[in-house]
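What follows is a set of notes on a single structure, which appears directly below.
Nothing here was measured: the structure is a model prediction, and the numbers come from that model. Numbers restart at 1 for each chain; the letters A, B, ... are given by sequence-line order, proteins then strands.
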Amino acid sequence: MNSRWPENNTSLNSLYCLGAGLTMSVLPHVQRIPGWIIVLFLVLTIWKLYSPSQVNLTERKFSITRIFLFILMVIGIIGIYFHFGTIVGRNAGVSLLVLLAGFKIIETSQERDFYVTCFLGYFLVVTTFLYTQTIGTAIYMSCTVLVMTLSLLTYNDYQQKLSYKASSKIAATLLLQSIPVMLILFVLFPRISGPLWGMPDDAHTGLTGIDDEMSPGSISQLILSNKVAFRVDFKDTQPEKSQLYWRGPVLWYTDGKKWTRGESDYLDAAPLQTMSDPVAYTVTLEPHNQKWLYALDMPGQNPELGPDQSWITSDFQLLTQKPIRQRIRYEMISYPEYKISGLNNDELQKSLQLPRQQHGRTKRLIHQWKKEGLSKKQIIKRALKLFSEDKFYYTLNPPLLENDRVDQFLFETKQGFCEHYASTFVVMMRLAGIPARIVLGYQGGEYNPVGDYFVVHQRNAHAWTEVWIKEQGWTRVDPTAAVSPLRVIEGIESALPGNIIGIPLMFSRNSLTRQLWRRLNYSWDAVNNQWNQWVISYGPKRQKAFLAQFGLQKIDWSSMIFLIIIFIVPILIYLAFVLLKSTPENGEPVKRLYIKFCKKLARCGIHHVAHEGPVDFAKRAALKRGDLSQQIYNITDIYIAIRYGSNNAQIPSLQEHVRSFRPSTN
Amino acid sequence: MNTAQIDMQTNSTKGELDKIVEEISHVILGKEKAIRLSLTCLLARGHLLIEDLPGMGKTTLTHVLANILGLDYQRIQFTSDLLPADILGVSIFNRESSSFSFHPGPVFSQLILADEINRATPRAQSALLEAMEESQITVEGETRPLPKPFFVIATQNPSNQVGTFPLPESQLDRFTMRIELGYPDNMAERELLKGCDRRELLKNITPVINSERLIEMQKQAESIHVSDALLDYLQDLLEYSRRSADYVNGLSPRAGLSVLRCARTWALMQGHPQVLPEDIQQVLPSIISHRLTKVQDDGYTTQENIAAHLIKQVPIP
Amino acid sequence: MPETIVLEQFPFSASRLAADNKNTRKQRIYIMPTRHGLLFGLMLFAMLIGAINYNNSMAYILTFLLGSLSLVTILHTYRNLAGMVINEAPPLPVFSGELAKFPLILDNRNRHIRFAITFIRSSKKKWRLNQTSTNSHITTCNIDQNQLERIEVPVRSLHRGLLKAGRIKVYTIFPLGLFTAWSTIDVKQACLVYPKPEGQKSLPPVDLTESTGIQGKYSGTDDFTGFRNYQAGDSIKNIAWKVYAQQKGLFVKRFIGSGSDKLHLRWNDVSHLPDIESRLSQLCCWLIEAESQSLQYGLNIPEVSLDTGHGEKHLHLCLASLAKYGLKI
């Protein structure tokens, strides 16, 4: 089948749009796929745009160019296979699509090729969303979709009647008119939780967050990250900043280097004695690809994610069935003041575990303290005192530790951050026979006054300890606070240089601009938060909650489809009404006034004929309605003077006359 | 000049023209529309083609017009043996001076009546038509201007009569208007029969205006205001004639100009300070009826009610 | 007055057209996805599956946006065709074998431009998606707002006589090519097809008995009438050499000749040809030749006798009677 318009074989304008649109949809992948694919794509596209007819492959089936291109494509596919080791994964799949798009556009000379290439462009847009879904991406991709649509439009624009500007306007109109229906579908389309089938392995790389083990340097890496970990919306009361310990995984086992959680514990939570009012809040957790949630110390309930989806353990971790790969939102209640009683044998053993033959010097120190006859409480105090008084520094760039990390830190380098202090402290406690464990999580958070919520960044990542004291139960002890009290009270930001927090140099000069920057940041984060809440994390749960607001708690698929139809049909009818109503061209205001006058006369049975001049009409009308003749002639005279005598000064007078012209219908 | 002055001038001209029309109506009975149209055509510097059967008063009308407007007047009777030289004049070889001397033909006068133009051969016709178009003639390599004002009123028998050479369409375009006189109505006929000889009446007619005044009036007509809205209408008409399938060919730009010029003159004659769509509608039939041919159902052409159809199809913007 | 065809307008828009003319006929408009529209739907489905699988909101949004874009496109495609007024115009006669052009006058009375309206003669085969058979000719045009557009649908004429255009399909896939809105119009006009002019060009001998020569005068060679300045291209034979010899410049003698001949083309003249069609073709050829030579000619064939005449109209009459010869029309 040949191109429909033989005289302009695949019009150039549409080809340019197509090239631009494809390039726009490919560009975001630059970082993710091998550079040579991008280069190959660009070369092919530019080749096609530079000489559209030269690479016309319709004529001969086997031309040299064609064979060359085919070989090139096979080489490309093989190259992708060697690069990724597969051609089905996410990155490999995208690479393949980009490669395909390049070869498709060079082949575009027939109608079908054009459409296929264009649809490929739309599909490439979707692939970008697998990596990022920020507002920026959305805006960029709307532009891309506009350009792709524009290329379709110009392709169907016979003889290129429309200018770029005019066709862009039409394309934009089409897209804008599609938005209402799109919104309805987005809100009401039945959502399914979970993937339909397994996702490629590399689907979730690049998610950051706290690991389920604490190895050297794992936290310091996070501290340099400016990403958001989660956002918290307190219902009524906000706890003090020093209380903001966001509890994550609890680490029990150590091999002297690494701390791990050990086997998962399915025991119920230990009895929790609450000693203060509960704090209610909602957490919007960014995906971190781990099977736990964060909550304020101490979580008082299981965050009902769904049946058997989450539970609370005896050491007050909130565990989930599946890794968190989507942004989720859950409501929590916590008790800042609490008392946990009860420690079973199992736990007692776990909380005193230590690697053998290690930490000799520390052991001796603790022995010495014990010899001095210190009680357990005193030992805790002594240890904290050691940190605060004995030239320990809080630094994010500690010297490298080898051999026995605890001994070396405690007696030689004395420089480190929460990771070092927490692990050393726990080791010391266990040596002294005090049950202790490490808690990973986040500490602090930034209050966003614009959105009235707290943002906890990855840089707030923290490690602290809990020790078992007989009278008090598990008690939180933060050895880092002993070294650097500011770190806890003011937050990590006070300990970090400006460039890590992300204040550009031009804003960091004085406090006023810092304030301004902060303000902007808060607003931007608030917008992002809304975006995340309502767009990105709009899933089955959110949909259910949203519909419940309208009294549609229990709604099944069929009634949702029914709802969609109920909403979409009126929208389409309205659109059709706007598009298809045929109002005559009224043009100038004078003419409109005259038409009004004619309509008034039409009510008396005197109809104006389209080809009838005003004077003739007036004569005819006056003949029929002698009583109105004076008025009719008046109006006609003024109308003629304006419209044919160009005497625009009389427009108000015409307005007045037409308005006051009220013929009685008899 | 302010509007009031213009209005006054227009009104006085209207009075004069009304008087002329009235005078002519004494001789040509019951044909006011035709008289007004032919007067319009002359004031719009156009040439007029009167097509009708013999004996309907074509010649008389021309005569009266010439007399009343004070123009000098020549009549050329077109016959099948008429030569271009008979119209334009000839250079005759003078043996004594051994040179050619030019004897101007009847075309060198202000108003020419080309009687029964379709009886002459196409060569003779085109000699006159070229003179009409250019207001000058070229004889023997020498260009000679024609007097001003210069009008041609041609009469033509309906072309289906025996022994005629119908004017080709391209030549017809040079006539601004084509009018038909038609039979007089009952009352007029009665009066005609009762009254005295028309020839006698002709002798009594005295010029109402002279040629200078005529040129003045022409200029006045050209200054009548034309608004954009009116031009839109005119363009719509032209556009329709060109795009519609009803006609073989569309109207030429020259036709458009003629319509505008005649509509202005008509407006002047009606005393309108500006041109109205009605003015166009009044003059349109006689201007376009010889220019447009309608396509018939079998793919061929007819010539009926063309203007009425066109006017009906095009709404006034 | 030929019929006016109005392509169905949306129910709730005031039908200004109905009152216009009693001769109007309404035609329904149908909408179908094109092949590319189906492909687009397939792509959307793939996108939706992807969106569900990855539970990716933006993918959902894009899928729904493009989905509702195609819904909106239906309306736009429909609007592009709806309410268009089509008038048939009589086609001009053609010679057999030529393309007969059936003119259609498209009247766009709306405020928007109608883009890429395509006309194609429907084939008798079943309607297919986007059919473009090689035989049919496609005519496409844009129509400006409140404008008329004249298009011609070409149809190959095969035999003399009356050619009917039959059903003509009008469709548009504007704006995005995903949907096609179409309607068929039954063209009532028939095109007169003259026989194919074939045969020898030399005319049969003129019937001298009727040659009178009083019909008109043409520039001829008989009587001297005067001099004229020499112009390039004048015959050397006519130069007044005597005057030239007197050194008075180049002049041309002018003459008037008389006489045109009356040519009667008769059935007998072509009786040597084997079949009717070739006879008609020969007559047709002669008629055209006679007209181009400005002769007075007439036609005498069984059942039709046309007096001598001249001019376009006369030629048409003669050719038309040839075209209709023997056919019951």
Side chains of Y60(C) and R191(A): closer than 4.5 Å at any heavy-atom pair?
-> yes
Chain A contact via I74(C) - which portion, at a heavy-atom distance below 4.5 Å = neither
Under 4.5 Å from any heavy atom of chain A - which part of F40(C) = both
Looking at T128(A), T137(A), L174(A), I568(A), which makes the most heavy-atom pairs under 4.5 Å with chain C?
-> L174(A)
The reported gap from CG in L185(A) to OG1 in T63(C) (rounded to nearest 0.5 angstrom) is 10.0 Å
Quick one: closest heavy-atom pair of Y122(A) and M47(C), and the distance?
-> O-CE, 3.4 Å
Find the distance between NE2 (H76(C)) and CG (L579(A)) and round it off to the nearest 0.5 Å.
-> 4.5 Å
Is it true that a side-chain atom of S68(C) and a backbone atom of S178(A) form a donor plus acceptor pair closer than 3.5 Å?
-> yes
Residue selection (most heavy-atom pairs with chain A, distance under 4.5 Å) from D144(C), L178(C), T172(C) | D144(C)
Is the count of non-hydrogen atoms from other residues, nucleotides or ligands lying under 6.0 Å from K104(A) atom NZ greater than 12?
-> yes
Give a yes or no on whether the backbone of L176(C) and the side-chain of N156(A) come within a donor-acceptor separation of less than 3.5 Å.
-> yes
dist Q133(A):CD -> I61(C):CD1 (nearest 0.5 Å) comes out at 8.5 Å
Point-to-point distance, once rounded to the nearest 0.5 Å, from OH of Y54(C) to CZ of R90(A) | 7.0 Å
d(N142(C) CG, L162(A) CG) to nearest 0.5 Å is 8.0 Å
Between L175(A), L572(A), L575(A), which residue shows the highest count of heavy-atom pairs closer than 4.5 Å to chain C?
-> L175(A)
Sort V145(A) into side chain, backbone, both or neither according to what part of it lies under 4.5 angstrom from a heavy atom of chain C.
-> side chain
Side chain proximity check, F186(A) to S57(C), heavy atoms < 4.5 angstrom = yes
Of the backbone (N, CA, C, O) and the side chain (C-beta and beyond), which part of I117(C) lies under 4.5 Å from a heavy atom of chain A, both, or neither?
-> neither
Whether F189(A) and F64(C) hold their rings parallel, tilted or perpendicular, with breakpoints at 30° and 60° = tilted
Of all of L71(C), N56(C), V72(C), which one pairs up most often with chain A through heavy atoms under 4.5 Å apart?
-> N56(C)
Nearest-0.5 Å distance, CG of residue L66(C) to OG1 of residue T149(A) = 7.0 Å
Part of L44(C) within contact of chain A (heavy atom distance under 4.5 Å) = neither
Answer yes or no: does atom OH of Y140(A) have more than 12 heavy-atom neighbours from other residues, nucleotides or ligands under 6.0 Å?
-> yes
Side chain / backbone / both / neither for L69(C) at chain A, heavy atoms under 4.5 Å = both
Heavy-atom side-chain proximity of Q177(A) to L75(C) below 4.5 angstrom = no
Closest heavy-atom pair and its distance - V535(A), M58(C) = CG1-SD, 4.2 Å
Cation-pi between R35(C) and Y115(A): NZ/CZ under 6.0 Å from ring centre and within 45° of the ring axis?
-> no
Contacting region of W531(A) [heavy-atom separation from chain C under 4.5 Å] = side chain
Sort L42(C) into side chain, backbone, both or neither according to what part of it lies under 4.5 angstrom from a heavy atom of chain A.
-> neither
